[in-house]
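Note on naming: letters A, B, ... go to the chains in the order of the sequence lines (proteins, then strands), and numbering restarts at 1 for each one.
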Number of protein chains: 2
Amino acid sequence: MPLIRQARRQGGLALLAKQQGLRLTRQRRLIYSILEAAQTHLNAKQILAEAQKFDPGIDQVTIYRNLAVLKRLRVVDELDLLHLKGDQHYYEARQVRAHSHVACLSCGKVFEFYTPAMKTIDQALEKECGFEVSFTRIEIGGYCAECRKKRGVSPASLKGHKVPRSVEPERI
Amino acid sequence: MPLIRQARRQGGLALLAKQQGLRLTRQRRLIYSILEAAQTHLNAKQILAEAQKFDPGIDQVTIYRNLAVLKRLRVVDELDLLHLKGDQHYYEARQVRAHSHVACLSCGKVFEFYTPAMKTIDQALEKECGFEVSFTRIEIGGYCAECRKKRGVSPASLKGHKVPRSVEPERI
DNA sequence: ATCTATTTGCAAGTCATTTGCAATAACAAC
DNA sequence: GTTGTTATTGCAAATGACTTGCAAATAGAT
Ligand SMILES: [Mn+2]
Ligand SMILES: [Mn+2]
Ligand SMILES: [Zn+2]
Ligand SMILES: [Zn+2]
């Protein structure tokens, strides 16, 4: 059985951890399982809150340390979400299919988006630059369809964020 | 003359600022001109250091406040650079052509990359979701061609960051 | 020159994240 | 199962990026 399949069956972690001299602690399993099960993107504080439901003694620093490990193992991805919600980061278990994160600057909604062009970027980079891509983070800010309807085509003011469409720098 | 052209001739700022009730202070011009002239991505501290060469009295908080304004005006973009260099952000004047930022996890090098697929993503999002894109941040981590050569095809260890290629989760 | 609202500098505060360290626990070897 | 080694944890303290409050300064309109 290919290594990667086996790793997946064990929760994606066991084999990876062993190969690195890492230990599969109760806390590490728990944190990863929380991210695997999560329906939204969680920040470090939210992960702690969820983890303490199962392990009341777990500490915030353990969350941070394990997030670092899980990122290194490429089983967890870190998102910035364009600092829409403060200066913290958000985390999600890595999906089979990569996706980008789109944030509405008006209502704050964040949704995931996939288009084949995303893969094309990685391929272009590998082909043109010989770069080996480990992870790709695509975060897009703008105005969602609903907010555009509410405010006419050009989203007028968001908490004083008035940027007339006509003078936004063009992007080629 | 179209507004956007005129805004560009005036440093991109004057017209935009006026329309928003913003004032073109000495400090604001300086900060923007520093980013316009910069050959690399600068963090808030570096921008302060550079600004103080011309205006010794300028304060760090003025840098932060103006970066917020310039981001809102869409004339400056904020980068995360995948936290390769700590937990700060980096800034650059918005270019005519958008580009992505690629960071080597081995040598720390950061370079810019453009491929038409980037624009395709925005278009797909606008077409499929009716989303109006204001800015797109694409950050990619991996191993550059040079580092790959040095260490064979699979980059071995970076400060204890050993992740065997064979067990990396596949991405479709 | 005058007026008014925006912006600045300074000081203090916030809070996400990191670090030091002794105690605990994985897990490999016996 | 017992033992030994070393990664990991929890707690406390520190770090540092960024924000906020406020009075003084000043951009820009009249
Ligand atoms: Mn960030
Ligand atoms: Mn750039
Ligand atoms: Zn919206
Ligand atoms: Zn490199």
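For B/R23 against C/dA5, a side-chain N or O and a base N or O form a donor-acceptor pair under 3.5 Å.
The nearest whole Å value for the distance from the CG atom in A/L67 to the C1' atom in D/dT9 is 15 Å. Atom CD of B/Q27 is separated from atom P of C/dT6 by 17 Å (rounded to the nearest Å). Protein atom CG of B/D59 is 14 Å distant from nucleotide atom P of D/dT19, rounded to whole Å. The separation between B/I63 atom CD1 and D/dT19 atom P is 13 Å, rounded to whole Å. The interatomic distance linking A/Q88 (CD) with C/dC15 (P) rounds to 11 Å, in whole Å. If you measure from atom CG of B/D80 to atom C1' of C/dA16, you get 13 Å, rounded to the nearest angstrom.
Each of C/dT19, D/dT9, D/dC18 was ranked by its minimum atom distance to the side chain of A/T25; first place goes to D/dT9. Comparing C/dG9, C/dT8, D/dG10 against the side chain of B/R28 picks out C/dT8 as the nearest. Distances were taken from every side-chain heavy atom of A/N66 (C-beta onward) to each of C/dT17, C/dT8, D/dT9; the shortest belongs to D/dT9. Between C/dA16, D/dG28, D/dG10, one nucleotide has an atom nearer to the side chain of A/V61 than all others, and that is D/dG10.
Comparing B/G21 and A/Q60 by the nucleotide of DNA chain C whose heavy atom lies nearest to each, the residue mapping closer to the 5' end is B/G21. Mapped onto DNA chain D by nearest heavy atom, B/Y91 and A/I58 fall at different nucleotides, with A/I58 at the one closer to the 5' end.
Contact check, A/R65 against D/dT8: no side-chain N or O comes under 4.0 Å of OP1 or OP2. OP1 or OP2 of C/dT17 sits under 4.0 Å from a side-chain N or O of A/H89. Under 4.0 angstrom from either OP1 or OP2 of D/dC18 there lies no side-chain N or O belonging to B/N43. OP1 or OP2 of C/dT17 has at least one side-chain nitrogen or oxygen of A/Y64 nearer than 4.0 Å. A sub-4.0 Å separation between OP1 or OP2 of D/dT8 and a side-chain N or O of A/T62 is absent.
Here the closest non-hydrogen pair linking A/R28 and A/R23 is NH1-O, 2.9 Å. What you find for A/C104 and A/C107 is that their closest heavy atoms are SG-N, 3.4 Å.
Checking side-chain atoms of B/D55 against main-chain N and O of B/A51 turns up no donor-acceptor pair under 3.5 Å. Using modelled atom types, no side-chain atom of A/E50 and backbone atom of A/I34 make a donor-acceptor pair closer than 3.5 Å.
Summarising the geometry, atom CG belonging to A/L48 is positioned 7.0 Å from atom CG belonging to A/D59; distances are rounded to the nearest 0.5 Å.
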